Q: 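Submitted below is the structure of interest, expressed as structure tokens.
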Amino acid sequence: MTAKIIDGKVVAAEIRSEISMRITELKKYGVTPGLAVILVGEDPASQLYVSFKEKACEELGMYSRKMVLPDHIAQDELIQLIENLNHDDQIHGILVQLPLPDHIDNNQVIESISPDKDVDGFHPIDLGRMVTRHDAFLSCTPYGVLKLLKHTGIELEGKHAVIVGRSNIVGKPMGQILLNEDCTVTFVHSKTKNLKEITQLADILIVAIGSPKFIDASYVKPGAVVIDVGINKILGKTVGDVDFDQVKEVASYITPVPGGVGPMTITMLMRNTVKAAEALNLKKQIQ
Ligand code: NDP
């Protein structure tokens, strides 16, 4: 069997055209969705990610405001800036590029973002809303993975999804999103015993660990859907956490790296920002 490739660029383009129509609609009310991106320090990878986000805003006709702060900025000063953005009418989404310097408490910073503008979906209120199946901003990467899975047309209900990795930004919300879709979900992580025996049971295998080509064909049940979230650099080449060449011979569907999950993350960020702008606009219309 050779797996069908799930092309993230194609799915992202479809979602971007939907976003574009929603932006046109908002502009009729004089609203241009606005995203503020805060970058603390000069980490080159973070700078690159921020530039992609700015470019995506520009391409979609959205407003973006990049705020670059020195890495010695005091936590209180950063939180005050976020407070100002919480009350800024031009800004509908606020994103703080992680990681932050060690002297800053990530949790306190994330919690200072208004849940109405939490387009990254990291705020505990948003996470709680997701868990209880209320309307919420879903974390962009797992939300993008959900869109990829839906694009294949496979039925999610009753499927056994195994999530390799349990970070707050990918693994945990991913499992919860699939639980909400009526999958049976198992999390595995670095302390899991017999990891391979568990991944071999997966109908849907999602891998987000940051370890190049860790998952080879021996971890995968024939016919499984395999989603590779990992981004690793080897000798200047980007590879995932899945050994693509091996696994594509046993899986039914597989995402490539690059070109799979990657293009979805920023697209879902744009979509969340538009959703935030729509909600705030609606609130204003009602008032
Ligand atoms: P983290 O480092 O925060 O978490 C990694 C998780 O993987 C942890 O839960 C860890 O377990 C687990 N893990 C690590 N090694 C193993 C192993 N050998 N076996 C089983 N579990 C293991 O990473 P992130 O979740 O932030 O990111 C994961 C990958 O996804 C990275 O490559 C990252 O670059 C990529 N990524 C891609 C995005 C995209 O847009 N495509 C967006 C975000 C991330 P434990 O908890 O026990 O330590």
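Worth saying up front: this structure is predicted, and the values here are computed from it rather than measured.
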Q: May I have the step-by-step check of side chain to side chain contact (heavy atoms under 4.5 Å, CB included) for Leu35 and Ile91, ending in yes or no?
A: CA-CA 6 Å; Leu35 175 69; Ile91 299 299; over 6 Å; no
Q: Is it true that a side-chain atom of Arg271 and a backbone atom of Ile15 form a donor plus acceptor pair closer than 3.5 Å?
A: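 Not confirmed, Arg271 side chain does not pair with Ile15 backbone.
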Q: Verify whether one side chain among Ser64 and Lys53 offers a donor that lies under 3.5 Å from an acceptor in the other.
A: no
Q: Any side-chain donor paired with an acceptor under 3.5 Å for Gln80 and Asp76?
A: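 No pair is found: no donor N or O on one side chain lies under 3.5 Å from an acceptor on the other.
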Q: Is it true that a side-chain atom of Asn232 and a backbone atom of Gly240 form a donor plus acceptor pair closer than 3.5 Å?
A: yes
Q: Are any of the side-chain heavy atoms of Ile94 and Asp120 separated by less than 4.5 Å?
A: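 Not touching, per the 4.5 Å side-chain cut-off.
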Q: For Ser46, is there any backbone N or O sitting under 3.5 Å from a side-chain donor or acceptor partner on Asp43?
A: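 Looks like yes, one N/O pair under 3.5 Å.
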Q: Does the side chain of Asp116 come within less than 4.5 Å of Lys283's, by heavy atoms?
A: yes
Q: Does Glu157 offer a backbone N or O that forms a donor-acceptor pair with the side chain of Asp182 under 3.5 Å?
A: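 Checking the backbone N and O of Glu157 against the side chain of Asp182, no donor-acceptor pair under 3.5 Å is found.
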Q: When you compare the side chain of Glu14 with that of Lys147, does any pair of heavy atoms fall below 4.5 Å?
A: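 They are not in side-chain contact.
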Q: Is there side-chain contact between Met264 and Thr141, with at least one heavy-atom pair below 4.5 Å?
A: no
Q: Please say whether more than 12 non-hydrogen atoms of neighbouring residues, nucleotides or ligands are located less than 6.0 Å from CD in Glu58.
A: no
Q: Quick one about Gln47 and Glu42 (side-chain donor to acceptor, distance below 3.5 Å, no hydrogens or angles considered), yes or no?
A: no
Q: Check whether any side-chain N or O of His123 sits under 3.5 Å from a backbone N or O of Glu111 as a donor-acceptor pair, and report yes or no.
A: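 Yes.
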Q: Do side-chain atoms of His87 reach the backbone of Glu83 as a donor and acceptor pair under 3.5 angstrom?
A: yes
Q: Has Gln246 got a side-chain atom pairing as donor or acceptor with Ala217's backbone, closer than 3.5 angstrom?
A: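 Pair found, side chain donor or acceptor close to backbone of Ala217.
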Q: Ignoring hydrogens and angles, tell me if any N or O in the side chain of Thr184 forms a donor-acceptor pair with the backbone of His160 under 3.5 Å.
A: no
Q: Go through the side-chain N and O atoms of Thr2 and Lys248 and say whether any donor and acceptor fall under 3.5 Å apart.
A: no
Q: Could you go through the side chain to side chain contact (heavy atoms under 4.5 Å, CB included) check for Leu149 and Glu181 one step at a time?
A: CA-CA 11 Å; Leu149 288 172; Glu181 295 291 328; over 6 Å; no
Q: Kindly give the cluster partners of Ile234, where membership spreads through any ILVMFWY side chain lying under 4.5 Å from a current member.
A: Leu235, Val239
Q: Starting from Phe244 and following side-chain heavy-atom contacts under 4.5 Å between hydrophobic residues (I, L, V, M, F, W, Y), which residues can be reached?
A: Ile5, Val162, Val164, Val188, Leu195, Ile198, Leu205, Val207, Ile209, Phe214, Ile215, Tyr219, Val220, Val226, Val242, Val247, Val250, Ile254
Q: May I ask you to test the Ile110-Val96 pair for a side-chain heavy-atom distance under 4.5 Å?
A: no
Q: Determine whether a donor-acceptor pair (N or O, by modelled atom type, separation under 3.5 Å) exists between the side chain of Asp126 and the backbone of Phe137.
A: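 Yes; at least one donor-acceptor contact below 3.5 Å.
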Q: I'd like to know if the side chain of Lys117 reaches the main chain of Leu85, judged simply by a donor and an acceptor atom lying under 3.5 Å from each other, with no hydrogens or angles considered.
A: yes
